[in-house]
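The block underneath contains the structure these notes are about, expressed in structure tokens.
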Amino acid sequence: MFKFIISGEMFFALFLMSGYFKEAFNLSVNLTFVFFVMSIGIAFLRLYKHWIYSKKHNITVLINKKVLLHSLLFITFLCIILISNFYTTSINYSLEKTLKFSTITAWAFFGVYFLITNKKGLKDFLQSLATIALAMSIYSVIGLGEVAGAKSGFISVAGDNYLGLGRATGLGAIILILLYMTKKTNVLMKMVIILSVLIILFALFSSGSRMPLLSFIFVFFSAFVFSVKVKNGMIYLRKGFKTLSFFSIIGIVSFIGLASTGVFDTVIRRIGILFTETSGGTSAEGRIERYQIAYEVWKNNPILGTGIGSFPIHYKGIDIVDYPHNIFLELLSEMGLVGLLLFTILILYPVFNLVRNRNRLVFLNPENLTVLFCFLFLFLNANITGDINDNRLLFTFTSLTLSTTLIYKGNSI
């Protein structure tokens, strides 16, 4: 247990999730930076040990060509960002955005290939993400979390980052449900997993975060539909999904009962606004306005955009942190079709490699499916909130999709 807690996979997961909980500790040091350094340190220590072992046994160290190609795609995309600094109208935000992308987001992408190179590492990493989500959920559910100031009814671990709690819990729930709940385990472990999922889902629903909840529901039902197979007039469920079906019925009934107490009023009201108000509410109005501005900026600068970090200058006339809340429109407005094309290839290349194995057991592997549906969850969220650095977990699961495919095909990374 202790080795799991201090493992490189755990530190890497803490680095990725720290932005969602670090304010709760009120420390003088930046936890993201701390876990960034620690995870890199462990990665280089492992590389050194591997190099010593290879040298001792006269083994040639090779890099998988697919990993190399994916890495080159990321580096090319980073080069486009760096070049855009020469023509952007932004100074402060462009510098901040570039520095974050070339360090924090870059490690979120490359860290997978350094730390998650085998089946144990993959399982430890996914378990780490689920454990962190559970800890955040317990912290919020027992009342230690904060109501986000003026946005009364939005629950978070600290401050006003209710979306962070929503993303973390949505991701954790997907991992626990698809990877652990469908596996055959003893009764005690099954009860622990079910209780953990219920706590995480309670935190997700009570956070008030609309898009993470809707994304989770979409991914959950997509996974469920994927598990159904009709043959000769009979309906079959994938192994383990019968338990999930029973749990789903119990869970729906329980959450309907809890909803009647008013504990989920914030998220119910916010989702209802989408269907009852033509504008979709204040939050949706702000996003639509940003979408329109980003689209107009791209139309006038279709090939290269107006440079990294330039969107808020077009939107508000000042050089501050702001973004269209849609990663595709963000890239179109700031880096044009060139940036968008590179990004699209970067995130779809691993998915293409996974889908190519759809007729093989590697595609049906629970770990592969879990990673794929986590990627879908993060992709949906990236289209409605955050900038490119806020969505660094999407880059992580882009690499993880390729890494998992190679691991379960028996290839080295």
Original post:
Is a donor on one side and an acceptor on the other found under 3.5 Å between the side chain of Asp319 and the backbone of Asn92?
Top reply: yes
**OP:** Specify the closest pair of heavy atoms between Pro366 and Thr370, including all atoms of both residues, with the distance to one decimal.
**Re:** O-OG1, 2.7 Å
**OP:** Could you pull out the closest heavy-atom pair between Arg46 and Leu115, with the gap in Å?
**Re:** NH1-O, 3.1 Å
**OP:** Over all heavy atoms of both residues, which pair between Leu201 and Ala173 is shortest? Give the atoms and the distance, please.
**Re:** CD2-CB, 3.8 Å
Original post:
Sub-3.5 Å donor-acceptor pair from the side chain of Ser403 to the main-chain atoms of Ile116, do we have one?
Top reply: yes
Original post:
Could you go step by step and tell me if Tyr87 and Asn301 meet the side-chain hydrogen bond (donor to acceptor under 3.5 Å, both in side chains) rule?
Top reply: CA-CA 12 Å; Tyr87 60 85; Asn301 306 271; over 6 Å; no
**OP:** Just do the ring pair (Phe, Tyr, Trp, His ring centres under 6.0 Å) check on Phe395 and Phe101 with the steps written out, would you?
**Re:** CA-CA 11 Å; Phe395 288 92; Phe101 189 84; 5.6 Å; yes
Original post:
Which pairs pass side-chain hydrogen bond (donor to acceptor under 3.5 Å, both in side chains) with one or both residues in residues 214-223, sequence neighbours excluded?
Top reply: Ser215-Asn381
Original post:
What are the two closest non-hydrogen atoms of Thr398 and Phe375, and how far apart are they?
Top reply: OG1-CE1, 3.5 Å
**OP:** Please name the pair of heavy atoms, one in Phe74 and one in Ala106, separated by the smallest distance, quoted to 0.1 Å.
**Re:** CZ-CA, 3.6 Å
Original post:
Counting only N and O atoms by type, is there a donor-acceptor contact under 3.5 Å from the side chain of Asn326 to the main-chain atoms of Asn383?
Top reply: yes
Original post:
Which salt bridge (Lys or Arg N to Asp or Glu O under 4.0 Å) pairs, counting each pair once, include a residue from residues 90-107, with sequence neighbours left out?
Top reply: Glu96-Lys100, Lys97-Glu330, Lys97-Glu334
Subject >> Thr396 (side chain) donor-acceptor with Ala108 (main chain) under 3.5 angstrom >> reply: yes
Original post:
Is there a donor-acceptor pair under 3.5 Å between the side chain of Thr404 and the backbone N or O of Thr401?
Top reply: no
**OP:** Give a yes or no on whether the backbone of Asn389 and the side-chain of Arg392 come within a donor-acceptor separation of less than 3.5 Å.
**Re:** yes
Subject >> Whether Trp107 and Phe114 hold their rings parallel, tilted or perpendicular, with breakpoints at 30° and 60° >> reply: tilted
**OP:** Any chance you could lay out the side-chain hydrogen bond (donor to acceptor under 3.5 Å, both in side chains) test for Ser333 and His314, step after step, and finish with the verdict?
**Re:** CA-CA 10 Å; Ser333 62; His314 297 287; over 6 Å; no
Subject >> Contact list for residues 76-85, test side-chain hydrogen bond (donor to acceptor under 3.5 Å, both in side chains), sequence neighbours left out >> reply: Asn85-Thr98
